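The block underneath contains the structure these notes are about, expressed in structure tokens.
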Amino acid sequence: MILFSARNSFTLLTSTSRSYTSATLLHFLQLSAAHRSLRLTKHSHTQILSLGLTQNSFLATKLVTAYAICGHPSRSRLVFDSVEYKNVYLHNSLISGYAKNYAYYEAFDLFNDMCYSNVSPDEFTLATIAKMCGDVKDLNVGSLIHGKIIKIGFNEDVVVANSLMSMYNRCGKFSGTKNLFDEMPQRNAGSWNVLIKGYSNLEDCSLELGLWEIVKCMQIDGVKLDAFTVSSLLSLCGDNDDTAGKWDYGRELHCYIVRNEFDLGLDSDFHLGCCLIDMYSKKSDNLDVGRRVFDQMKRRNVYAWTAMINGYVQNGALDEALVLFCEMQVRDRTEPNKVSLLSVLPACSSLVGLTGGKQIHGFAIRKDLNHDLSLCNALIDMYSKCGSLDSARRVFEDSSFQKDSISWSSMISGYGLHGKGEEAVLLYDKMLSLGAKPDMITVVGVLSACSKSGLINKGLNIYDSVINVYGINLTTEICSCVVDLLGRAGQLDRAFDFIKTMPVEPSPSVWGALVSASVMHGNSEMQELAYRFLIQLEPDNPSNYISLSNVYASSKRWDVVAKVRATMKDRGLRKAPGCSWISIHDRTHCFYVADKAHPHSKSIYEMLDNLVLIMKGAMVDR
DNA sequence: CGTTACCAAT
């Protein structure tokens, strides 16, 4: 749609260019920049040259901006150099163009030239330069610029002061932000937004309680919250179900948006809609509210679609996520971007949707996104979880992306998942020999691969080395792996001692590992003990009660079984029955214990009986 | 006639 309108303007420009004035060309350049169209910018440039308007300061300034926005600051420079009398506008637009393209050295260099020329920097220059100091996190240069600003007397300009505050925020010096804020003669919404940003960056969580107070002060000061304010506050709203005292004014903020008739889905305010969807995605029971926001948006861009898809994936609604991923392309003709692909890939992994995963991989190749690190990592994960270890390895071996510890961890865990402990250890050793450092995720991957493949001593050796050589901090996940390793080796007492002495609080998974090991070695005493701890930690998890009652049932202690079941009933706990599923021809078939609901259930059970017979035969042969 | 800047980021 957007491209279409840009092309229309262009046709108009070429067909009747003779009669066009500099004002019209200025308008076309505005369009070129808005659409980030290098083609249109070049053609406008051609017109300027052929009409002999190269020395027009307005056109030159716009041309510099347009080339920079299209990602070609060197073309901006050529335009800049071709203008004889360079005014402050021209300088400013080139400095800002360099900054937009992360060419900070060139930007500072030009600023320096400017300071020694007859063109003085103005408030626009200084605002840009101050922001740049924040971008490169250089507090020293930032402070110098602050001094220069005071000397020239631009410190009372709201935008300049906002830029300076933002610089202090990004350099981690909130005191600088706060001092400036207090001294400002007048403040706009931007000033408050920077203050809020700096405040919420502070590590000290007790301060978070004061955030709502700041919002109140802002209103008392007569400054209305704008879309920036609301969206940054929304992204601070966490999940309200576990941590008490967490900042949660999501609903209030949503009300504010509705009362003040903020537009969702109108160019600059897409962001607001996305933040609302995100906020509701983090509140587990409110995903449908997020969906309502999504449906009510007047228009949706790729960010909005991605936010909604991500919400579904985060909340385990994987089918909906995939449906939406298709809808975004079919119904809305919105092309997914890298983040969209990253959001849906886990849905493929969990649903074992190899076909869908391959399609996404294919799409990524067509869009030349397949050399992106995070996408490659997600692909490795998807392929190994979908059973295609070879494809995972092929992505892993692709030399066109720079592997990080996540790439190694995903591949190592993949081997572990497929019971290939030897390969996992081999790859882990290769990683170390290449000088890459393992992190706690890698360690969990290789240790669990060792347990699953029975490489107990190897696993324990690796554990010792990561603690002593690599100084890895222990996590409950790593501890679970160690308990699992010791437990599988039949050293239940040693495993129990480890739990008692380990430096982190044992999590349910740690006790769970001890339970499995006790079951494996028929130690019902240890099993019962571990379950008791498990129930204490997770009094609301029905699985624990079921398993505990199974322990007693196996030793025929029916009175205790009844007691455990009664406790469960008292607490209103019910265990959702486990099920398995398989996807065939885009349909997912689910099966529960003794399930006869499937239309082909008779032939399925016949096949199953046959398979059991064949397996029993194979056992006898051995 | 008209040009350049700050605050958030899926």
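Because the structure is predicted, anything quoted here is derived from the model rather than measured. Throughout, a chain's letter reflects where its sequence line sits, starting with A, and its residues are numbered from 1.
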Among the nucleotides [options], which one has an atom lying closest to any side-chain atom of [X]?
X	options	value
S96(A)	dT4(B), dC6(B), dA8(B)	dT4(B)
V339(A)	dT10(B), dA9(B), dT4(B)	dT10(B)
D157(A)	dC6(B), dT4(B), dA5(B)	dA5(B)
A23(A)	dA9(B), dC1(B), dT4(B)	dC1(B)
E123(A)	dT10(B), dA5(B), dC7(B)	dA5(B)

Nearest-Å distance, [atom1] ([X]) to [atom2] ([N])?
X	N	atom1	atom2	result
Y303(A)	dA8(B)	OH	C1'	13 Å
N87(A)	dT4(B)	CG	C1'	9 Å
L253(A)	dA8(B)	CG	P	17 Å
H146(A)	dC6(B)	NE2	P	18 Å
F58(A)	dG2(B)	CZ	C1'	5 Å
K224(A)	dC7(B)	NZ	C1'	18 Å
L236(A)	dC7(B)	CG	C1'	14 Å
I196(A)	dC6(B)	CD1	P	19 Å

How would you label the contact of S340(A) with the nucleic acid (heavy atoms, under 4.0 Å): base, sugar-phosphate, or nothing?
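Here S340(A) touches no strand at all.
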Any base atoms under 4.0 Å from D278(A), or only sugar-phosphate, or nothing? Heavy atoms, all strands.
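Counting heavy atoms under 4.0 Å across all strands, the contact made by D278(A) is with sugar-phosphate only.
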Looking at the base of dT3(B), is there any donor atom on it, or on the side chain of T61(A), that sits under 3.5 Å from an acceptor on the other one?
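Present.
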It should be established whether [X] places a side-chain nitrogen or oxygen under 4.0 Å from OP1 or OP2 of nucleotide [N].
X	N	result
S166(A)	dC7(B)	yes
K100(A)	dA5(B)	yes
K62(A)	dG2(B)	no

Does the ring of Y89(A) meet both stacking tests against the six-membered base ring of dT4(B): centre distance under 5.5 Å and plane angle under 30°?
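Stacking between Y89(A) and dT4(B): absent.
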Determine if F124(A) stacks with dT4(B); use a centre-to-centre distance below 5.5 Å and an interplanar angle below 30° as the criteria.
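Given the distance and angle limits, yes, they stack.
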E320(A) with R291(A): basic N within carboxylate O range, under 4.0 Å
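Answer for the salt bridge query: no.
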Would you kindly say whether T21(A) and T24(A) are connected by a side-chain donor-acceptor distance under 3.5 Å?
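The answer is yes; a qualifying pair exists.
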Is there a donor in the side chain of S410(A) and an acceptor in the side chain of D381(A), or the other way round, less than 3.5 Å apart?
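Side chains of S410(A) and D381(A): no pair found under 3.5 Å.
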Under 3.5 Å, is there a donor-acceptor pair between the side chain of N315(A) and the main chain of G311(A)?
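Indeed, once roles are kept as given, a pair shorter than 3.5 Å links the two residues.
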Polar side-chain atom of K282(A) near backbone of C237(A) as donor-acceptor pair, under 3.5 Å:
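Answer holds: yes.
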Looking at Y98(A), does the NZ or CZ of K100(A) lie under 6.0 angstrom from its six-membered ring centre and within 45 degrees of the ring axis?
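No - K100(A) does not lie over the ring of Y98(A) by the 6.0 Å and 45° rule.
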Cation over ring face, R300(A) and F270(A), 6.0 Å, 45°
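Negative - R300(A) is either too far from the ring of F270(A) or too far off its axis.
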So how far is it from R299(A) CZ to D263(A) CG, rounded to the nearest 0.5 Å?
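It comes to 11.0 Å.
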Which residues, if any, of residues 177-193 of chain A bring a heavy atom under 4.0 Å of DNA chain B?
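Residues of residues 177-193 of chain A that come under 4.0 Å of DNA chain B are, in numerical order, G190(A), N193(A).
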Just to be sure I understand the geometry, which residues of residues 125-136 of chain A put a non-hydrogen atom under 4.0 Å away from DNA chain B?
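Correct list: T128(A), K131(A).
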In this structure, which one of F228(A), F181(A), Y199(A) forms a ring-ring contact (aromatic ring centres under 6.0 Å, His included) with W192(A)?
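With W192(A) as partner, ring-ring contact (aromatic ring centres under 6.0 Å, His included) holds for just one option, F181(A).
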Kindly write out the residues that satisfy ring-ring contact (aromatic ring centres under 6.0 Å, His included) with H72(A), not counting sequence neighbours, or none if the list is empty.
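Partners of H72(A) by the ring-ring contact (aromatic ring centres under 6.0 Å, His included) criterion come out as none, since no residue qualifies.
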Ring centers of F111(A), H91(A) separated by less than 6.0 Å:
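Centroid distance F111(A)-H91(A): not below 6.0 Å, so no.
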